[in-house]
Amino acid sequence: MMVDEHTRCDRIIQGPNRTLTYNYTLVKIHKDDLNSEEFKSRMLPTLVNTYRNSEGMETFRKMGVTLHYIYHDKNGNFFTDITVGPNQT
């Protein structure tokens with residue numbers, strides 16, 4: 001499922017414990033075309049803000065769910081991962 005023009009959600013996995021793992025592919029990016037640390041530094045504030053403030057995340061916050069986002073490049077190579085959870089609220 002396409003999230004936006006650059007990002008495809010490939011699957012969501014439950015567990016371990018209270019963790020949901022989202023596996024994404026950056027469909028137009030090769031891992032060598034973008035600095036993974038820069039990507040993380042740009043994405044983390046947005047993901048934390050969404051976790052803290054989105055009505056759609058309210059149940060996750062109440063249940064103490066941690067969200068783990070794994071990003072792959074257009075060729076399926078691991079690019080980076082970001083974890084957001086109750087310790088960041």
| said: Strictly distance-based, threshold 3.5 Å: is any side-chain N or O of N75 a donor or acceptor partner for the main-chain N or O of N77? | reply: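 Flag not set: sc N75 to bb N77 has no pair under 3.5 Å.
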- Indicate yes or no for a side-chain donor-acceptor contact from R18 to the backbone of M63 under 3.5 Å, with no hydrogens or angles considered.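 Yes, R18 side chain to M63 backbone: donor-acceptor pair under 3.5 Å.
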- Test F79 against F39 for ring pair (Phe, Tyr, Trp, His ring centres under 6.0 Å), laying out the working first. CA-CA 10 Å; F79 180 63; F39 179 84; 5.4 Å; yes
Could you check whether the rings of F78 and H72 sit parallel, tilted or perpendicular, using 30° and 60° as the cut-offs?
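Because their plane-to-plane angle is over 60°, the rings of F78 and H72 count as perpendicular.
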| task | Look at the side-chain heavy atoms of Ile, Leu, Val, Met, Phe, Trp and Tyr, link any pair under 4.5 Å apart, and say whether I82 and V48 land in one connected group. | result |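 Yes, one cluster joins them.
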Could you state whether Y71 and V27 fall into the same hydrophobic cluster, counting links through intermediate Ile, Leu, Val, Met, Phe, Trp or Tyr residues with side-chain heavy atoms under 4.5 angstrom apart?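 Y71 and V27: separate clusters.
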[atom1] of [X] to [atom2] of [Y]: how many Å apart, nearest 0.5 Å?
{"X": "Y51", "Y": "L67", "atom1": "OH", "atom2": "CG", "answer": "6.0 Å"}
{"X": "E38", "Y": "M43", "atom1": "CD", "atom2": "CE", "answer": "13.0 Å"}
{"X": "I12", "Y": "T21", "atom1": "CD1", "atom2": "OG1", "answer": "10.0 Å"}
{"X": "N35", "Y": "K40", "atom1": "CG", "atom2": "NZ", "answer": "11.0 Å"}
{"X": "Y69", "Y": "C9", "atom1": "OH", "atom2": "SG", "answer": "10.0 Å"}
{"X": "M2", "Y": "T25", "atom1": "CE", "atom2": "OG1", "answer": "9.0 Å"}

Are D4 and T7 linked by a side-chain donor-acceptor pair shorter than 3.5 Å?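 Present: a donor and an acceptor within the cut-off.
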- D81 versus H68, side-chain donor and acceptor atoms under 3.5 Å: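 Distance-only check passes for H68 and D81.
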Minimum heavy-atom distance between [X] and [Y], given as atom pair plus value:
{"X": "D73", "Y": "I29", "value": "CB-O, 3.1 Å"}
{"X": "S54", "Y": "R61", "value": "O-NH1, 2.9 Å"}
{"X": "T50", "Y": "M57", "value": "O-CG, 3.5 Å"}

Min side-chain heavy-atom separation [X]-[Y] under 4.5 Å:
{"X": "N49", "Y": "L47", "answer": "no"}
{"X": "I13", "Y": "L20", "answer": "no"}
{"X": "V84", "Y": "L44", "answer": "yes"}
{"X": "K28", "Y": "K74", "answer": "no"}

Apply the test salt bridge (charged side-chain N to carboxylate O under 4.0 Å, His left out) to residues K31 and D33: give CA-CA distance (whole Å), side-chain angles for both, the deciding distance (0.1 Å), then the verdict. CA-CA 5 Å; K31 69 178 186 170; D33 296 338; over 6 Å; no
